[in-house]
Structure formats: C-alpha cells, structure tokens
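Structure, as structure tokens:
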Number of protein chains: 2
Amino acid sequence: MFEARLTAGSMLKKITDAMKDLVTEANFDCSSTGISLQAMDSSHVSLVALLLRADGFDHFRCDRNLQLGINLGSMAKVLKCCNNDDIVTLKADDNADAMTFMFENQTQDRISDFELKLMDIDSEHLGIPDTDYKAMISMPAGEFQRICRDLQILGDTVTIAVGKDGVKFSVSGEMGSGNMTIRQNTSVDTKEEEQVTIEMEEPVTLNFALRYLNFFTKATPLSGTVCLQLSKDVPLVVEYAMPDLGHVRYYLAPKIEDEA
Amino acid sequence: MFEARLTAGSMLKKITDAMKDLVTEANFDCSSTGISLQAMDSSHVSLVALLLRADGFDHFRCDRNLQLGINLGSMAKVLKCCNNDDIVTLKADDNADAMTFMFENQTQDRISDFELKLMDIDSEHLGIPDTDYKAMISMPAGEFQRICRDLQILGDTVTIAVGKDGVKFSVSGEMGSGNMTIRQNTSVDTKEEEQVTIEMEEPVTLNFALRYLNFFTKATPLSGTVCLQLSKDVPLVVEYAMPDLGHVRYYLAPKIEDEA
DNA sequence: TGAAAATCGT
DNA sequence: ACGATTTTCA
C-alpha cells in the first residue's frame with residue numbers, strides 16, 4: 001500500500017494549482033523514493049515534471065511501485081476542502097481504483113477524507129536529457145511572473161537574451177515594443193528574496209511563447225525563487241524548488257522564428 | 001529632443017488612468033515650459049486639460065516644441081509595467097515616430113523601456129475662456145467621488161445648487177430622489193483632508209450628467225482635494241491639483257433642461 | 001491607507 | 001482563464 005503524510009497540506013494545493021491549467025490528467029508515479037509526475041500539456045508543447053522526495057514527507061510508505069492516474073482538476077477541487085494548515089495524508093491500496101485524501105486539522109478534532117477515482121492514462125514518460133546549460137538565472141519568482149504577465153501586453157513572443165550585463169526580456173507588437181533588463185544583484189544589502197544570480201558560460205538568446213511561460217508562473221506560490229536554465233536549441237527549464245521536498249519543473253522548446 | 005524624468009512614476013500612471021476612459025487618444029504638447037494636453041471626450045461633450053510644469057519634473061529638457069500623439073489606452077497598459085516606486089523617464093527624439101517610457105527601480109538593478117508608436121491626431125486646441133466663476137467649492141476628492149457614484153444609483157442628472165448654507169447635490173429618478181448637502185467646515189479641529197471650502201459670489205444652480213462626473217472622478221487618486229467652479233450657463237470646472245507639478249482639469253457644460 | 005482577497009465580468 | 005473591480009483586513 002501507499003501512504004504519504006504531509007504536515008504542510010497547503011503545499012499540495014499549490015502544487016496541484018501549478019499544474020492543473022497546463023495538464024488535465026496525469027500519473028502520479030509512487031515508489032519507495034517518493035512521488036514523481038511527468039506530463040505534456042494538452043497541446044504537446046510544454047512539459048511539466050514534479051518530484052516529491054519520500055524524505056520530504058512526515059511519513060512515507062510505498063510497498064510497491066504504483067501509477068496513480070488522477071484528473072488534476074478534480075484533485076484541485078478536492079484540495080479546496082483542505083484548510084491551509086491542515087495535515088494531508090494520501091493513501092492508495094495496491095490495485096486500488098481510487099486515491100484517498102485525508103485532511104486533519106492541527107488538533108485532530110476534525111478529519112475529512114475524500115476519494116478520487118483513478119484513471120488509466122497513457123504515460124508518455126519522456127526521457128529528459130541531462131543538458132549542460134549555458135546560462136542559469138535565479139531570480140524572485142514574483143518578478144519573473146510579473147515580467148511574463150507585463151510583456152504579454154505587447155506581444156506573444158518573448159526574447160530572452162542572457163549576456164554578461166544581465167538578462168533582457170524583450171517583446172514587440174503592434175502597439176510598440178518593450179524590454180525589461182535585470183542585473184545580478186548580490187550585494188550585501190540585497191534581501192535574499194530579491195536576489196538575482198546569473199551564471200553564464202556563453203551568451204544565449206532564445207524566443208519563447210509567453211502563453212506557456214504564463215502557465216508556468218502559476219507555480220509562483222510554491223517558491224520565492226525561480227531558476228531558469230537556457231542553452232541554444234534546447235528547451236528552457238523553469239524550476240520552482242521546494243526546499244526539503246522536491247520541485248516542479250517546466251520545459252518549453254524555443255520558437256524557431258528569429259523575428260516575431 | 002525631449003526628455004523628462006519623474007521620480008514619482010506612480011503619478012504618471014494615475015494621470016493616465018484619469019484620462020483614458022474619457023479620451024482614447026490625445027496629443028501631448030511638449031515645450032520648454034512643460035507638457036500640456038487638451039482633448040474632448042469621444043462624444044464631444046466634455047473636455048480634459050492636463051498641465052505638467054517643467055519644474056515639477058526631476059529633470060526636464062525639450063529643445064523644440066513637440067506634439068506627441070499617443071493612444072492613452074496603450075499608454076495605460078505600458079504604465080502598468082511601472083512599479084509604483086519606479087522612476088519614469090519619458091523620451092522622444094525630434095521627428096521621432098515613437099515615445100520611449102523608461103522605468104527604473106530605486107536600486108537601478110532593473111530597467112525596463114517601452115516604446116509606443118506615435119499617431120497623428122487632429123488637435124482641436126480649444127481656447128478655454130477665462131471665466132470669473134460665481135462659486136468655487138473645494139472638498140475632499142474622495143467625498144466628491146462618493147457623491148457622484150452614489151447619486152448615479154437614482155438618476156442620470158445631478159443638480160448642483162450652491163447657496164449660502166452649503167452645496168446641495170440632488171438627483172431624482174424612477175426609484176425616488178436623493179439629496180446630499182455639504183457645508184463649509186473650516187473649524188480648527190477639521191483635518192485638512194476633510195476641509196470643505198465654499199466661496200460664493202452669488203447662488204448658482206446647474207444640472208450635469210453624472211456619467212461624465214463619474215469619468216472625472218477617475219482622477220481622485222491624484223489629489224486629496226477637488227475644486228469645483230461654477231457659473232450660470234458656462235461649463236463646470238472640476239480640478240485636481242497636483243502640488244508642484246500641475247493639474248488635471250475637466251470641463252462639462254450644464255444640461256439645459258430644468259427638470260430631469 | 002494600502003494591500004490582499006474574493007468576486008464579477010469578459 | 002484572465003483582468004478588473006470591489007470588498008475586507010491589517
């Protein structure tokens with residue numbers, strides 16, 4: 001059987017909200033080492049990968065590997081019934097046809113449990129090649145969200161250019177054009193949550209569809225910091241790390257067109 | 001060339017928001033003394049006049065007079081990308097086909113710039129006659145906004161009656177009728193932002209379309225105080241002063257009908 | 001007074 | 001699903 005207990009129940013809500021707009025249903029792959037999920041969005045353009053490590057849970061048991069196919073929209077709805085400070089326990093019997101969500105409040109004088117029917121979902125477990133990215137940017141997740149939202153005003157495609165003087169996000173459209181540049185700022189008086197770090201082996205300039213980036217930034221509540229990794233001609237990686245628990249990663253291939 | 005730097009970038013947002021619902025596009029007339037704008041609303045009923053004095057900016061340079069035609073909706077969208085504590089710089093080359101908006105945060109590790117295409121707009125620079133108004137009312141801007149919003153529930157036309165015992169805003173419609181009266185209150189214990197001042201040469205009673213007054217009150221965030229000036233048979237003036245910077249003024253002709 | 005949350009409307 | 005608005009809380 002599978003049983004996983006997470007004191008920070010609100011994390012599970014945020015994780016589900018971070019994926020449900022991109023992917024309607026997906027397999028939660030449970031093993032003794034934890035839970036992982038990989039799925040392409042419905043238009044097969046981007047990919048989301050979730051990892052929750054067993055030791056990140058307050059209790060974790062998984063006797064044999066299980067593939068739990070879940071409708072993420074339904075899961076998000078069920079998790080709406082979970083208070084933010086509730087303790088969540090996920091359960092599934094081997095060969096079960098449902099996953100159980102149990103919510104307990106801190107004092108454990110209120111317990112709810114919900115069952116979601118499992119579904120058979122074609123798993124398209126794509127091997128994601130380990131890439132040596134030429135540029136890695138770490139920045140406040142909220143700032144990245146704001147950039148992607150704001151630039152969408154002017155156009156559909158953003159050009160991300162990493163150079164030695166910073167990262168430039170550019171867009172152009174009928175109304176006009178826009179550029180937002182951020183620089184590394186790791187001076188002593190920079191608050192940790194405002195830090196920008198840029199590691200660059202060589203300059204990289206790529207185009208991406210803002211529509212998908214704006215799906216990715218639904219994960220902003222998961223983490224104060226987002227990490228972008230880029231290399232020429234390979235998908236961008238957008239990672240939201242959850243300290244001591246795992247991460248949500250998104251992959252998006254660059255647009256080929258040089259001009260928008 | 002033209003270049004104007006304003007530390008209080010949020011003011012520019014508020015100014016644009018104060019006009020964009022009334023006027024879709026307008027010419028910013030830039031000269032060495034500052035920026036001015038005059039435009040009638042799309043139905044040619046009311047008029048808005050903006051004045052920003054050169055010395056209200058932190059830096060102002062305008063080598064030759066420029067008329068920059070801008071779509072105010074686009075401008076408002078671009079200014080959404082400006083954080084409230086950002087520093088804004090406006091720029092245009094002589095004969096430019098675009099105006100540049102540059103936003104810097106306080107620490108200047110984040111810089112954005114946006115270009116908006118300029119447009120040719122018929123300028124209908126109306127001479128506004130200097131009128132000796134018979135009544136002038138200064139009151140909290142928020143209170144005026146509330147009056148105009150609330151009275152609209154009951155009808156379309158407000159009667160503003162300035163008499164020696166105060167100002168009465170009246171409306172009547174199918175549902176019923178309403179009156180709101182404010183009196184001068186300049187006693188010692190009145191906070192400045194709640195002060196009401198009424199200067200009256202002779203009593204004035206005029207009718208106005210609430211629809212337009214409610215457009216005007218979009219300027220409420222610009223100033224704590226609004227100033228109304230009225231005389232028989234001439235347009236009402238609604239002025240929001242921005243200390244040390246300039247003002248936004250609205251003009252609205254009275255309705256002729258005596259009864260709504 | 002401002003910011004956050006919830007709700008509404010497109 | 002998103003933005004805008006409104007309402008509420010701090």
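In the text below, chain A, chain B and the rest are named by the order of the sequence lines, each starting its count at 1.
Residues that satisfy the ring pair (Phe, Tyr, Trp, His ring centres under 6.0 Å) test with B:Phe169, not counting sequence neighbours, are absent from this structure.
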Using nucleotides 4-8 of chain D, report all nitrogen or oxygen pairs with the protein that are shorter than 3.5 Å.
| from | atom 1 | to | atom 2 | distance (Å) |
| --- | --- | --- | --- | --- |
| D:dA4 | OP1 | B:Lys80 | NZ | 2.6 |
| D:dA4 | OP2 | B:Lys80 | NZ | 3.0 |

All N/O pairs under 3.5 Å across the protein-nucleotides 5-8 of chain C interface:
none

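Atom-to-atom, CG of A:Asn84 to P of C:dA4 comes out at 16 Å; the value is rounded to the nearest Å. The NZ-C1' distance, from B:Lys14 to C:dT1, rounds to 11 Å in whole Å. Rounded to whole angstrom, the span from the CD atom of B:Gln145 across to the P atom of C:dT1 amounts to 13 Å. At whole-Å resolution of the value, CG in A:Asp150 and P in D:dG3 are 9 Å apart.
Side-chain atoms of A:Asn179 and B:Asp113 form a donor-acceptor pair, as typed in the model, at a separation below 3.5 Å.
The structure places CE of A:Met75 at 5.0 Å from CE of A:Met99, a figure rounded to the nearest 0.5 Å.
Here the closest heavy-atom approach between residue A:Ser223 and residue A:Ala141 is recorded as O-CB, 3.3 Å.
Inter-residue side-chain proximity for A:Val248 and A:Leu222 is flagged as met; some heavy-atom pair is nearer than 4.5 Å. Residues B:Tyr250 and B:Thr217 fail the side-chain proximity criterion, which asks for heavy atoms closer than 4.5 Å. Here the side chains of A:Phe208 and A:Thr157 are not in contact, with every heavy-atom distance at 4.5 Å or above. Under the 4.5 Å side-chain criterion, counting only non-hydrogen atoms from C-beta, B:Val88 is in contact with B:Leu12.
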